[in-house]
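Worksheet: one structure, shown below.
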Amino acid sequence: MPAPENDGTTGASDGNRAYGHKPFKRSRSHFADRITADGRDGWPVAAGRYRLVVSRACPWASRAVISRRLLGLEDALSMGIADPIQDDRSWRFTLDPEGRDPVLGIRFLSEAYDARESGYPGGVSVPAIVDVPSGQLVTNDFQQITLDFATEWTALHRPGAPDLYPGAHRDEIDEVMAGVYQDVNNGVYRAGFATGQDDYDAAFEALFRRLDQLSERLVHRRYLVGDTLTEADVRLFTTLVRFDPVYHGHFKCNRFKLAEDPVLWAYAKDLFQTPGFGDTVDFHHIKQHYYRVHSGINPTGIVPLGPDLSGWLTPHHREELGGRPFGDGTPPGPVPAGERVPASGRP
């Protein structure tokens with residue numbers, strides 16, 4: 001996850017116990033190189049050259065996982081999945097045989113950071129894209145990675161891939177995403193890691209004010225912008241899908257549960273049941289990470305058994321609003337065998 005300062009997700013130098021004891025501040029991505037069609041930053045788009053490293057627990061990394069799947073980049077860009085339980089050395093590859101990423105051959109994502117910049121003082125965050133030949137980190141710019149997937153990697157998109165960042169709607173998409181980023185994506189963290197009542201109150205109020213606005217926006221429209229899925233929907237979904245399992249209780253974002261807002265709940269279920277969204281979500285990883293890593297907030301490390309996840313598979317009726325999820329394109333095919341979410345993480 002991004003935010004070397006203190007978003008509770010990056011294995012900061014003072015360890016997991018610090019989470020919840022320092023004011024929240026999300027830092028900019030330090031490594032902001034871009035992988036582009038023309039290679040202007042020295043990193044040209046090329047099938048097989050790069051590896052995307054993610055955690056299924058992380059909402060910021062999950063954006064990249066969803067975008068990669070919707071656009072059909074699985075064969076062009078391999079993916080490594082980190083253990084949701086970080087230690088103070090940050091993201092680990094302990095889910096892989098012998099505790100090493102099978103492509104990069106490293107035990108910790110920090111090794112790719114060190115290969116790029118020795119002594120880098122910031123946190124180690126996901127999503128991260130690593131250059132396989134050199135073993136160096138290319139970028140951890142979580143804001144730009146998915147936009148580049150949509151606009152720079154087009155030569156490697158699958159046939160029928162949707163246009164997630166259509167030129168005609170980019171201004172509106174950017175405007176919607178800015179509000180979602182400030183008050184929702186970041187807002188849950190500002191509430192959860194607040195160290196004073198006033199900071200918590202301000203984050204809480206801004207979060208639910210924005211959620212109310214989004215609910216009103218989605219009453220008569222299936223998607224946030226236009227009549228198809230866009231980057232804006234991807235970015236909102238990754239927070240909504242974590243809301244009841246984590247943010248409502250763990251981060252004290254408890255004015256209502258997602259399942260108690262009929263519009264947002266139906267919208268989130270619609271996306272979850274759309275190929276490319278729910279089939280990337282691992283609720284087990286999500287809960288293990290937040291409740292066990294954030295020891296400053298949850299010192300016992302107890303992971304709650306709830307909520308009941310079966311509601312994610314119930315009818316949503318959002319198709320009655322019309323819309324074309326993939327525009328003139330088609331849904332992605334089946335999840336590659338090696339990337340299927342285990343039964344323990346699914347509803």
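We number each residue from 1, following the sequence as shown. Hydrogens, waters and symmetry mates play no part in the numbers below; they use all other heavy atoms, side chains included.
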Assess whether side-chain contact (heavy atoms from CB on, under 4.5 Å) is satisfied between Ile35 and Tyr50, documenting all intermediate values. CA-CA 10 Å; Ile35 301 171; Tyr50 306 102; 3.7 Å; yes
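- Ring centers of Tyr113 and Phe108: at least 6.0 Å apart, outside the cut-off.
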Could you go through the side-chain contact (heavy atoms from CB on, under 4.5 Å) check for Ser134 and Asp131 one step at a time? CA-CA 6 Å; Ser134 67; Asp131 178 50; 2.6 Å; yes
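- A tilted orientation is assigned to the rings of Phe208 and Phe204, their planes being inclined by 30° to 60°.
- Checked for salt-bridge contact, Arg209 and Asp183 miss the test: no charged N lies under 4.0 Å from a carboxylate O.
- More than 12 heavy atoms of other shown residues, nucleotides or ligands fall within 6.0 angstrom of atom CG in Asn254.
- Ring planes of Phe283 and Trp312: tilted class, angle from 30 to 60°.
- Side-chain contact, Arg63 with Gln143: a donor N or O sits under 3.5 Å from an acceptor N or O.
- Of the residues listed (Phe272, Phe237, Tyr267), the one engaging Phe277 in a ring-ring contact (aromatic ring centres under 6.0 Å, His included) is Phe237, and it is the only one.
- Val219 is connected to Leu264 through a chain of hydrophobic side-chain contacts under 4.5 Å among Ile, Leu, Val, Met, Phe, Trp and Tyr, so both are in one cluster.
- Arg158 is listed as a side-chain neighbour of Thr330, based on a closest heavy-atom distance under 4.5 Å.
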Apply salt bridge (charged side-chain N to carboxylate O under 4.0 Å, His left out) to the pair Glu339 and Arg68, showing each step before the final yes or no. CA-CA 12 Å; Glu339 297 182 6; Arg68 171 179 173 269; 2.7 Å; yes
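- Applying the side-chain contact (heavy atoms from CB on, under 4.5 Å) rule to Ser78 yields the partners Arg51; only residues at least two apart in sequence or on another chain are considered.
- Here the CD1 atom belonging to Ile145 is positioned 7.0 Å from the CG atom belonging to Leu52, to the nearest 0.5 angstrom.
- Between His157 and Phe149, the gap from one ring centroid to the other reaches at least 6.0 Å.
- With hydrogens and angles disregarded, no donor-acceptor distance shorter than 3.5 Å links the side chain of Asp101 to the backbone of Arg107.
- Glu205 and Arg190 are not joined by a salt bridge, as no carboxylate oxygen comes within less than 4.0 angstrom of a charged side-chain nitrogen.
- Looking at Lys252, its side chain never comes within 3.5 Å of a backbone N or O of Ala191 through a donor-acceptor pair.
- The number of heavy-atom neighbours closer than 6.0 Å to CD of Glu319, taken from other residues, nucleotides and ligands shown, is above 12.
- The NZ atom of Lys287 sits 11.0 Å away from the CG atom of Asp282 when rounded to the nearest 0.5 Å.
- No donor-acceptor pair closer than 3.5 Å links the side chain of Ser62 to the backbone N or O of Thr238.
- When side chains are defined from C-beta on, Tyr181 does not count as touching Arg235, because their heavy atoms never get closer than 4.5 Å.
- The distance from the CG atom of Asp227 to the NE2 atom of His169 is 7.0 Å, given to the nearest 0.5 Å.
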What do the steps show when you test Val335 against Arg69 for side-chain contact (heavy atoms from CB on, under 4.5 Å), and what is the final call? CA-CA 8 Å; Val335 179; Arg69 174 144 164 67; 3.6 Å; yes
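- Looking at Asn298, its side chain does come within 3.5 Å of a backbone N or O of Ile302 through a donor-acceptor pair.
- By the criterion of side-chain heavy atoms lying less than 4.5 angstrom apart, applied directly or through intervening Ile, Leu, Val, Met, Phe, Trp or Tyr residues, Leu321 is not grouped with Val225; the two fall into different hydrophobic clusters.
- Between Ser125 and Phe142, the closest side-chain pair of non-hydrogen atoms is not below 4.5 Å.
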Could you walk me through whether Asp244 and Lys257 pass the salt bridge (charged side-chain N to carboxylate O under 4.0 Å, His left out) test, one step at a time? CA-CA 6 Å; Asp244 288 4; Lys257 295 179 181 177; over 6 Å; no
List the steps and the verdict of salt bridge (charged side-chain N to carboxylate O under 4.0 Å, His left out) for Arg40 and Asp33. CA-CA 9 Å; Arg40 56 186 175 272; Asp33 286 4; over 6 Å; no
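- Using a distance-only test at 3.5 Å, with no hydrogens or angles considered, a donor-acceptor pair links the side chain of Thr274 to the main chain of Asp270.
- The shortest side-chain heavy-atom distance between Phe326 and Thr228 does not fall under the 4.5 Å cut-off.
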Output, in order, the C-alpha distance, side-chain angles, deciding distance and verdict of side-chain contact (heavy atoms from CB on, under 4.5 Å) for Trp153 and Leu71. CA-CA 9 Å; Trp153 290 66; Leu71 298 173; over 6 Å; no
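- Heavy-atom neighbours of Asp38 CG from other residues, nucleotides or ligands within 6.0 Å: above the threshold of 12.
- Following chains of ILVMFWY side-chain contacts shorter than 4.5 Å, one cannot reach Val341 starting from Val54, and the two form parts of different hydrophobic clusters.
- For Arg34 and Glu152, the salt-bridge test passes: some basic side-chain N is under 4.0 Å from an acidic carboxylate O.
- For the atom pair Arg56 CZ and Gln288 CD, the distance stands at 15.5 Å (nearest 0.5 Å).
- Here the side chains of Met79 and Val53 are not in contact, with every heavy-atom distance at 4.5 Å or above.
- Under the 30°/60° scheme for interplanar angles, the aromatic rings of Tyr189 and Tyr290 are found to be tilted.
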